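Atoms within a ligand are numbered from 1 in the order they appear, just like the ligands themselves. Since the model is a prediction, treat every value here as computed from it, not as a measurement.
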Amino acid sequence: MIPDSHVHTRFSFDSQASPEAVCRAAIARGMPEIALTDHVDMNLLDGGYGYFRPQKQWEALVNCRARLNGRVRVHIGLECGEPHLFRPDLSALLSAHPYDVVLGSIHWVGHRPVETADFFHGLEFGEGVALYLDELARLAEEADYDILAHPDIIRRAIFHRFGWAEVDWTPYEAPMRRVLRAVAERGKALEVNTSYRRRGMGPPGPSVQVLRWFREEGGRFVTLGSDAHRPEDIGADFGEALAMVRAAGFEAITVFRQRRPYEVRF
Ligand SMILES: [Zn+2]
Ligand SMILES: [Zn+2]
């Protein structure tokens, strides 16, 4: 079973899951490694703003790791929203503990939330997508992160506003390639996020087409993330995601340990 590199626990504002329950779910699925990546939201607009307690998360997860030693490798991580906009604060946070992995995520573009129909308020489809990809490129190029998480998260807004479960990125190939090139050139990883499937919003993403562009741009590292907020969702739809990664020509999945990439062959 491939490691899940994107999982939330009760140290995230939107999860009640105990870290141990999450890790036991990983063990039950035969997963050798799991990354616990709680939300760090420095954006005032976000529901999670001010919630994260780094010292509490660190101590609890170190204890959890020690208790489960030998049964599953527990990696301690963070999911930071818009990390390119909060570089000094993130840098201070990261210097406090030896984290294993940092996910860089777009949850907001200015005052627009990427997960709801409101994102497109006053915007045509193409205008909204261009705005989103521009912000994503800035994150990819400038931020301190290991994995670019849910690079097609704008699908949630598209689903709610237009009702489409899939997006053809062909008209946006150039701005999407700008993002993928930055991830590839900086030696970062691209995440295939499976949460769309559980939300009834279509297949894991990004699509095979986007994953192929990533390879063509020199991308080497791909991670799988369930984005689970409950133990029962750990590793959900990884079979489907793995088939997509393989179809795009990749032969390994990456996992981060102490912020360094390791390849897990499949
Ligand atoms: Zn996210
Ligand atoms: Zn997440």
Side-chain angles (χ1 to χ4, degrees), residues 3-19 22-23 25-26 34-49 51-52 54 57 61 74-86 90 93 99-110 112-116 118-119 132-133 135-136 138-140 143-160 179 183 188-199 201-202 204-206 222-238 241 255-256:
D4 194 333
S5 292
H6 187 160
V7 173
H8 295 275
T9 76
R10 64 184 172 81
F11 296 99
S12 296
F13 75 103
D14 53 358
S15 171
Q16 309 282 320
S18 93
V22 165
C23 293
I34 185 170
L36 306 179
T37 53
D38 287 304
H39 285 293
V40 177
D41 296 302
M42 298 174 178
N43 190 329
L44 280 164
L45 295 168
D46 200 274
Y49 177 77
Y51 184 88
F52 186 62
Q57 186 228 25
L61 300 193
V74 178
H75 304 306
I76 305 177
L78 305 170
E79 177 184 10
C80 186
E82 296 82 55
H84 56 305
L85 303 181
F86 306 99
L90 179 60
L93 184 63
Y99 292 100
D100 288 298
V101 58
V102 177
L103 310 189
S105 295
I106 295 286
H107 295 135
W108 296 83
V109 178
R112 299 176 185 275
V114 299
E115 304 189 28
T116 76
D118 290 344
F119 182 86
Y132 168 73
L133 287 174
E135 194 74 25
L136 187 65
R138 241 169 276 157
L139 187 165
D144 183 5
Y145 66 97
D146 302 307
I147 302 171
L148 185 65
H150 47 55
D152 59 348
I153 188 79
I154 193 66
R155 280 174 56 194
R156 291 195 189 171
I158 292 170
F159 180 84
H160 291 302
V179 171
V183 176
K188 312 290 188 190
L190 196 71
E191 174 185 270
V192 177
N193 188 294
T194 64
S195 69
Y196 305 101
R197 192 50 95 197
R198 298 198 302 284
R199 293 167 175 260
M201 294 182 185
V222 175
T223 63
L224 298 193
S226 67
D227 212 344
H229 288 67
R230 310 178 304 172
E232 53 268 44
D233 293 332
I234 302 300
D237 301 300
F238 272 21
V255 62
F256 283 82

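By the 30° and 60° cut-offs, the orientation of the rings of Phe119 relative to Tyr132 is perpendicular.
Shown are the protein N/O/S atoms under 2.8 Å from the Zn ion (ligand 1), given by residue and atom: Glu79 OE2, His107 NE2, His150 NE2.
The structure places CG of Asp46 at 13.0 Å from OH of Tyr51, a figure rounded to the nearest 0.5 Å.
Not a single N, O or S atom of His229, from either the backbone or the side chain, sits less than 2.8 Å from the Zn ion (ligand 2).
Residues Phe13 and His39 place their aromatic rings such that the two centres sit under 6.0 Å apart.
Without hydrogens or angle criteria, Asp100 side chain to Phe256 main chain gives no donor-acceptor distance under 3.5 Å. Although no hydrogens or angles enter the test, the distance criterion places a donor-acceptor pair under 3.5 Å between the side chain of Asp4 and the main chain of Gly235.
When the side-chain contact (heavy atoms from CB on, under 4.5 Å) test is applied to Arg156, the partners found at least two apart in sequence or on another chain are Glu115, Ile153, Ser195, Tyr196, Arg199, Met201, Asp227.
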